[in-house]
Amino acid sequence: MYLKLFFFIILSQCLHYSSSQILDFTYNGFPHPLPDISVQGFATVTRNGLLMLTNMTVQKTGHAFYNKPIRFKDSPNGSVSSFSTTFVFAIHSPFPILSGHGMAFVVAPNTSLPFATSGQYLGLFNFTNNGNETNHVFAVELDTISNFEFNDPNNNHVGIDINSLESVKSLPAGWWDEKGQFKNLTLMSRKPMQVWVDYDGLTHQINVSLAPFRKSKPTKPLVSIVKDLSSVLLQDMFVGFSSATGSFLSEHFVLGWSFGVNRKAPPLSKLPKLPKFKERDIFYKNWMLSISIFVVPLVFIPSLIFLVRFILLRRRKFAEELEDWETDFKKNRLKFKELYYATKGFKEKGLLGSGGFGSVYKGVLPKTQQEIAVKRVSNESKQGLKEFVSEIVSIGRMSHRNLVPLLGYCRRRDELILVYDYMPNGSLDQYLYNTPELTLGWKQRIKVINGVASALFFLHEEWEQVVIHRDIKASNVLLDAEYNGRLGDFGLARLCGHGSDPQTTRVAGTWGYLAPEYVRTGHATTATDVFAVGVLLLEVACGRRPIEIQNESGERVFIVDWVFRFWIEGNILDAKDPNLGTEYDQREVEMVLKLGLMCSHSEPYIRPSMRQVIHYLSGDAMLPDLTPLDLYGRGMMLGIHHGFSELDMFTVASRMFTGGSSIVDSILSGGR
Ligand SMILES: Nc1ncnc2c1ncn2[C@@H]1O[C@H](COP(=O)(O)OP(=O)(O)OP(=O)(O)O)[C@@H](O)[C@H]1O
Ligand SMILES: *[C@@H]1O[C@H](CO)[C@@H](O)[C@H](O)[C@H]1NC(C)=O
Ligand SMILES: *[C@@H]1O[C@H](CO)[C@@H](O)[C@H](O)[C@H]1NC(C)=O
Ligand SMILES: *[C@@H]1O[C@H](CO)[C@@H](O)[C@H](O)[C@H]1NC(C)=O
Ligand SMILES: *[C@@H]1O[C@H](CO)[C@@H](O)[C@H](O)[C@H]1NC(C)=O
Ligand SMILES: *[C@@H]1O[C@H](CO)[C@@H](O)[C@H](O)[C@H]1NC(C)=O
Ligand SMILES: *[C@@H]1O[C@H](CO)[C@@H](O)[C@H](O)[C@H]1NC(C)=O
Ligand SMILES: *[C@@H]1O[C@H](CO)[C@@H](O)[C@H](O)[C@H]1NC(C)=O
Ligand SMILES: [Mg+2]
């Protein structure tokens with residue numbers, strides 16, 4: 001009887017057990033109508049038997065739960081039994097590199113998670129309940145987005161989640177193959193993959209394995225932790241899947257699924273095929289194509305235009321001209337870019353001055369820190385350029401101590417750039433006129449004059465060919481650190497006067513320094529240079545501009561006439577610069593004044609050569625003891641310096657003989 005009762009109890013318990021407890025189930029595909037599975041949200045079952053948790057809709061969730069409760073514990077306070085599950089999934093997105101958010105195997109207290117949100121919450125939790133122990137949710141996530149707030153390792157990971165999306169442990173997706181080597185897997189690769197989740201009720205070990213579909217279960221799991229789930233799982237729980245999309249269009253599929261409590265999940269076989277994504281691919285390719293048709297022009301073309309413009313502008317900005325004949329001067333070529341940076345972009349700040357041919361900028365060569373003066377000469381025609389360049393380069397190579405050293409040149413369209421040593425003390429004109437801040441003593445002036453004379457003598461006679469400077473004047477006499485006079489701008493005037501055709505050649509030079517015969521014929525000679533030297537000598541001795549405008553009458557007074565008047569009046573020394581002070585040699589000043597007059601005589605043949613000038617200046621030869629009449633007594637026209645045309649000379653001449661000017665008067669009277 002007792003035995004009978006005992007058997008009955010055992011039997012009834014067994015029967016009860018077997019009738020009410022789910023021990024395992026298997027879905028090799030998901031047939032229509034779907035037995036024992038409830039789907040919610042955007043989850044559906046496709047016609048060919050795939051469980052599609054989410055379709056191509058953004059920010060949605062999908063759930064599918066086995067709708068019979070699973071008894072995980074023998075008693076409410078008992079420990080969780082061993083369980084095991086395996087499933088095959090695939091994730092598809094139109095863009096093979098963008099998918100989201102992911103999917104998860106879930107053990108939850110109910111067949112729905114109504115408050116769970118999409119996106120990074122994977123349809124498991126929401127912002128407020130994430131991490132709350134009252135959730136009683138265990139999940140294995142297959143996550144294709146990296147959320148730093150959940151400490152995700154990357155955008156392709158597998159994690160074990162307990163009540164929270166911050167995984168207890170997560171690792172990049174991959175598997176340990178038969179040879180024990182780790183291989184990466186890409187969850188969103190569209191390829192089917194199998195997952196195994198095993199929990200050992202005694203050791204509390206949770207293993208999660210992943211492998212490509214049709215591979216056997218890896219012997220080494222991907223993620224493994226030891227965690228007692230007794231406090232997490234309730235006695236009866238529901239198992240299923242959750243998935244969510246974010247901003248990327250994605251489909252999450254389950255192809256097959258089996259589950260077992262206290263036993264291994266049954267193996268899966270004959271699973272339905274994934275749909276061919278081709279049709280959609282074409283659609284999305286077209287979509288991408290149409291996107292690119294709009295986006296590429298919108299984004300790339302303006303930036304391309306910008307880039308091309310930038311490059312072109314830069315190229316134009318730094319463009320240079322280089323011709324075959326320049327190969328000989330390669331060493332003297334300088335890069336415009338370098339000069340541009342040396343002068344900080346030819347800024348107004350670095351402008352030293354502007355003359356008849358261009359502007360001069362101060363600069364510092366970046367490589368050597370050498371100070372330079374950069375002269376930009378606009379030059380529209382190329383006539384004579386070759387000769388000019390070869391001349392200045394070869395003279396520059398000579399490095400005469402009284403010539404401003406030419407460091408090199410650069411040629412651009414319509415422009416020639418000459419690079420000289422920077423002369424720290426500027427040009428002579430800054431020390432002479434009116435009452436300058438700084439003036440030079442007589443010794444210094446003589447030194448400067450000697451320097452200029454020696455440089456010009458070099459150009460006229462010592463150099464292999466006769467070089468005519470054509471633009472001797474105070475602003476082209478530069479002072480180096482020791483106040484040596486150095487002649488600059490040699491040859492430039494010829495370049496700008498253009499070539500050899502006397503019909504078209506312009507007169508280039510500076511008023512006040514132009515010899516009358518040069519103005520008449522346009523033919524420059526060494527004597528025309530000497531004329532300018534004469535004016536320069538007078539300037540240095542008198543501290544006066546070559547042409548000064550008289551305050552009262554507005555009349556222009558030429559320095560030669562002005563000095564000549566003092567000479568005629570017998571007190572030539574009164575013409576000297578009042579700023580000279582007292583420390584000067586009277587005889588020397590007188591000599592310089594007379595030599596100046598002699599050099600700037602209107603008749604070229606009366607002017608001395610530079611060789612003679614040097615002799616006179618050095619005292620090696622005595623200046624002939626001239627009187628005004630010796631110089632101008634042969635009926636030479638005076639006042640020629642005022643005018644430069646034949647007509648002007650005619651009027652001057654006639655005025656001379658009608659006794660219009662007091663100087664002429666005195667000459668005439670003196671001559672008689
Ligand atoms: N190598 C140099 N070092 C220092 N300053 C210089 C140098 N070359 C020129 N300068 C300064 O730049 C100014 C302008 O020179 P620029 O040669 O352009 O004009 P200019 O000499 O007055 O006339 P021109 O064009 O007839 O030579 C000069 O007055 C001089 O003060
Ligand atoms: C996704 O599923 C929802 C609901 O099932 C449906 O309304 C929608 O049309 C589907 N979208 C696509 C792209 O299949
Ligand atoms: C289960 O544990 C709770 C406290 O954790 C206790 O109140 C309850 O009585 C226990 N139930 C059983 C059946 O042991
Ligand atoms: C599951 O949720 C539904 C409502 O969503 C509720 O009626 C039901 O009681 C819940 N079941 C359990 C086991 O919590
Ligand atoms: C989150 O879910 C809980 C239930 O788990 C619900 O009470 C709460 O209102 C939800 N919060 C939001 C913001 O949806
Ligand atoms: C967890 O959720 C419960 C019920 O929803 C709530 O009472 C409790 O305050 C939450 N705990 C935390 C830490 O948010
Ligand atoms: C595997 O993935 C990891 C991180 O995701 C990466 O560093 C590694 O280079 C990958 N290995 C191969 C063979 O692709
Ligand atoms: C987890 O994997 C290890 C081998 O890495 C194995 O020894 C252990 O039995 C596994 N546990 C479960 C619950 O499968
Ligand atoms: Mg100059």
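This is a predicted model, so every value here is computed, not measured. For ligands, and for the atoms within them, numbers begin at 1 and follow the listed sequence.
Looking at ligand 1, you won't find any N or O of T510 less than 3.5 Å from one of its N or O atoms. At least one N or O atom of K375, backbone or side chain, sits closer than 3.5 Å to an N or O atom of ligand 1. Among the atoms of Q430, some N or O lies under 3.5 angstrom from an N or O of ligand 1. Backbone and side-chain nitrogen or oxygen atoms of N126 are examined, and one is located within less than 3.5 angstrom of a nitrogen or oxygen of ligand 5. Backbone and side-chain nitrogen or oxygen atoms of A373 are examined, and none is located within less than 3.5 angstrom of a nitrogen or oxygen of ligand 1.
Within a 4.0 Å radius of atom 7 (O) of ligand 6, the protein has no heavy atom.
Put simply, no part of K362 is less than 4.0 Å from ligand 1, judged by heavy atoms.
For the residue pair S75/N77, the side-chain donor-acceptor check at 3.5 Å is not satisfied.
Ligand 6 places these atoms under 4.0 Å from at least one heavy atom of T134: 1 (C), 2 (O), 3 (C). Listed by atom number, the atoms of ligand 1 under 4.0 Å from D489 heavy atoms are 17 (O), 21 (O), 27 (O).
Ranking protein heavy atoms by distance to atom 13 (C) of ligand 6, first place goes to N132 ND2, 4.4 Å.
Nearest-heavy-atom check against atom 31 (O) of ligand 1 across G358, S354, A474, S427 picks out S427.
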